[in-house]
Amino acid sequence: MSGRELAKGYEPHEVEKRWYAEWEEKGYFRAAASSEKKPYSIVIPPPNVTGALHMGHALNNTLQDILCRWKRMQGYNVLWMPGTDHAGIATQNVVERQLFAEKKDRHELGREAFIERVWQWKAESGGQIIGQLKRLGASCDWERERFTMDEGLSKAVRTVFVKLYEDGLIYRDNRLINWCPRCHTALSDIEVEHEEKKGHLWHIRYPVVGEPGRFVVVATTRPETMLGDSAVAVHPEDERYGDLIGKKVLLPLVNREIIVVADDYVDREFGTGVVKITPAHDFNDFEVGVRHDLDRINVFDESGVVNAAGRQYEGLDRFAARVRIVADLESIGLLEKVDEHGMSTGGCYRCKTVVEPYLSLQWYVKVAPLAEKAMEAVKDGRTRIVPKQWENTYFDWMENIRDWCISRQIWWGHRIPAWFCDHCGEITVSMEDPADCAQCGSDEIRQETDVLDTWFSSALWPFSTMGWPDQTEELRSFYPTSCLVTGFDILFFWVARMMMMGMHFMGDVPFRDVYIHALVRDAAGQKMSKSKGNVIDPLTVIDQYGTDAFRFTLAAFAAQGRDIKLAEERIAGYRNFCNKVWNAARFTLMNLEGFDPESMEFDELQLTEGDRWILHRLNETIKTVDETLTDYRYNESAMALYQFTWSEFCDWYLELAKQDLYGGDAERKKTVQYVLWHSLETLLRLLHLFMPFITEEIWQVLPKAGSGFGVRGRKAKHHLYPSCWRSIPNSANPDPFLKLLQIWSGSWRLSPVSAIFEERWRCHRRSRLLSSFHAAVMRACIS
RNA sequence: AGGCGCGUAGCUCAGGGGUAGAGCACUAGCUCGACACGCUAGGGGUCGGCGGUUCGAAACCGCCCGCGCCUACCA
């Protein structure tokens, strides 16, 4: 076998185009439902089906791909389960915007036609993100691709809903929820993003009934809600107002008499010590209202526009109403003063509209019992969260968890399988669509129009994708999954809920490890967002620098506990690294003329200290990669490979090798060829995790040791690598070749010259002394 | 208000009780047979501040300053 030549420079796009299809075609990524091999499984955090690949996906999936390729090469039966999420509100919003552009709205279309339209949009755009993941090199088992609204998953969702309802863990209640006046739906607590904003504190005089000329002054940040006041509250021990408790004040503008109540909730120090109580539009006031049995007066409609209860302000948007009310109060002399005041406002996580606390009847999951088990699983180590500091966040949230509002007033999603009976008013919840009321038998029933929170179906992902509720081979083999790789931003949305559902329905954790990675920010540290215009499109980066360089950059940046500020120069740096690898291979191939690893006899090798040194360093690098990846220290793996490749293999060994390759000693040349070939071949396999395309390309032109490395008298068990990316040496299973050389795990005793190498290497790492010793060491090696 | 994290070379970041590291940028040489996306030689940092532990601290501990994020019902 003779060395073939590679092109002079590395051209990523040619190479990348070629390989993915072949990998897929050859089924390299296919997982067996069951196998003799040990299982290793990861479920992908499903991207929004109609979405496009962003930096977060790129990082997330690169990290997963590294693990999957690594485990696959270690001989595991690897399942990387792919799929997409229907992303209820987000997707519905996109389609609604399309309709808006056509000057239509969903209500004109009607529910069925609208949903049809969304499916159509999914069909058009749904493949995009999958194609982009493939471009990134993600080695998912695509034949298993799932969608949160496909038939199987919908069945899982319904099963879970029905069971939780039957267990008494799902209930309906009429209370305040966070309402998005633009999306027209309820949101869960964590779907609200809080932001600190400058606001005002308006001081308003409420006349005391029966005591002309006496006022109480309330301070509020939201004067428009006064339309719905049903009391004012003071602290029970506040001497200033003690005599007012139980009396009435006149609500200005509305001219409704409301009571003065005493409640501990009031902070005497804040504002005037008098709080207006609006039970229908403030979470605290709601509680006060419960304690004092106050009316809940809803003054807004579902769009945040003042309704009939707001009398003369009816029809005004809440913010317009605020302006008008403040002006009116001022004109009648009831506005005492206005202070600057910082306050936090909640915005819808999908459209950023300021959410409104809104009184409505919604479905809830009672989560405390579920959270209990989910916490225990982490406490006793059945699930390990990496980095560990996230455990605190996880526990903190679980301990203070509030019931989960799961109903959404949108159309795109899993419709809640509950039917209301018009006859007896009872609710029927069942696996099969009922024809009549389970309570009274009346056929005058109608299905709940709400759908479930998107995260409800996501919560089931680790087992629903494997065929649950059926007891499948996949579940037996791959549940619990080995690892979940995800960003901390969805720790509560997704990870915590998967834990709860997994424990409840599978009786076991959904994953052994959770690796929480950072967010990718722009170079200035800002979160990337379309509105800020600072989004770096991963596909643009790939176009410019190639997938391998990009992946390597992400891995090199993925230090634990720190966000990633993506600096383009670094990507260019690793693009150069790709080129370095390419050229090291090119050099090796150019000098492998007449070399056939299979014909080599072990006893023919005449290893110098230089040879032993590089093999030892290679060995150490393997161990480092193995160890660091076990702990998800991707950046350290990447750096170890970078250092070895460039500073040792290229800077040193290739230079040393030239002496023997061009020197004329045939035996030495043969040995050097072997060491070069072996080192490169092993290195490629290690690098493959990070840069699959370029390594595959090089591998294909590298001589193969298909049947083994010959040792006199018998064939050695050195037929390591029957097919390309199926095997990787690691510390548990050392490379037999290195074993033969007895340099595995430090069993190699350093001779004086190799000690020089070791010392030299340490020097190099500490300082820049390497080069000054370069010539001396070369001489030492050659002699 | 609590919790977490971060402050190291001009920039983006690793590292972590024992002579300060990488990429990019910078300076001076290199068209010598893998690579100018390169090679060689350099310049540049009292590792946020102050104390403590130690033979020794950028690293460990305490406090402080600055920044970021997450949670929280102060209207």
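Labels below follow one simple rule: chain letters A, B, ... track the order of the sequence lines, proteins then strands, and each chain is numbered from 1.
On the P atoms, rG10(B) is 8 Å away from rU46(B), given to the nearest whole Å. For the P atoms, the distance from rU40(B) to rA22(B) is 13 Å, rounded to whole Å. Separating the C1' atom of rC47(B) from that of rA14(B) is a span of 13 Å, rounded to the nearest Å.
We find that CZ of Arg586(A) is positioned 15 Å from P of rG38(B), with the value rounded to whole Å. Put simply, CG on Leu519(A) is 20 Å from P on rC4(B), counting in whole angstrom units.
Stacking of the aromatic ring of Tyr662(A) onto the base of rG33(B) is found: the ring centres lie under 5.5 Å apart and the planes are inclined by under 30°.
OP1 or OP2 of rG38(B) sits under 4.0 Å from a side-chain N or O of Asn576(A). Using a 4.0 Å cut-off, some side-chain N or O of Lys580(A) falls inside it from OP1 or OP2 of rC39(B). For the OP1/OP2 pair of rC39(B) and a distance below 4.0 Å, the side-chain nitrogens and oxygens of Trp646(A) include at least one atom meeting the criterion.
Of the listed nucleotides (rG15(B), rA75(B), rC70(B)), rC70(B) has the atom at the smallest distance from the side chain of Thr393(A). Closest to the side chain of Asp282(A), from the set rA75(B), rA34(B), rG23(B), is rA75(B). Distances were taken from every side-chain heavy atom of Ala584(A) (C-beta onward) to each of rC74(B), rG23(B), rA34(B); the shortest belongs to rA34(B). You'll find that the side chain of Val266(A) is closest to rA75(B), out of rA75(B), rU71(B), rC37(B). Between rC39(B), rA34(B), rG15(B), one nucleotide has an atom nearer to the side chain of Asp651(A) than all others, and that is rC39(B).
In terms of heavy-atom proximity, Ile177(A) sits nearest to Cys405(A) at CG2-SG, 4.0 Å.
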Item to complete: Any chance you could encode RNA chain B as dot-bracket? Rule is Watson-Crick or G-U wobble with both distances under 3.5 Å; [ ] for pairs crossing earlier ones, | for another strand.
Response: ((((((((.[[[[.)..(..]]]].(((((.......))))).....[[[[[..)....]]]]])))))))....

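Here Cys578(A) lies out of heavy-atom contact (under 4.0 Å) with every strand.
With sequence neighbours left out, the side chain to side chain contact (heavy atoms under 4.5 Å, CB included) criterion links Asp537(A) to Leu539(A), Thr540(A). Residues forming a ring-ring contact (aromatic ring centres under 6.0 Å, His included) with Tyr265(A) (at least two apart in sequence, or on another chain): none.
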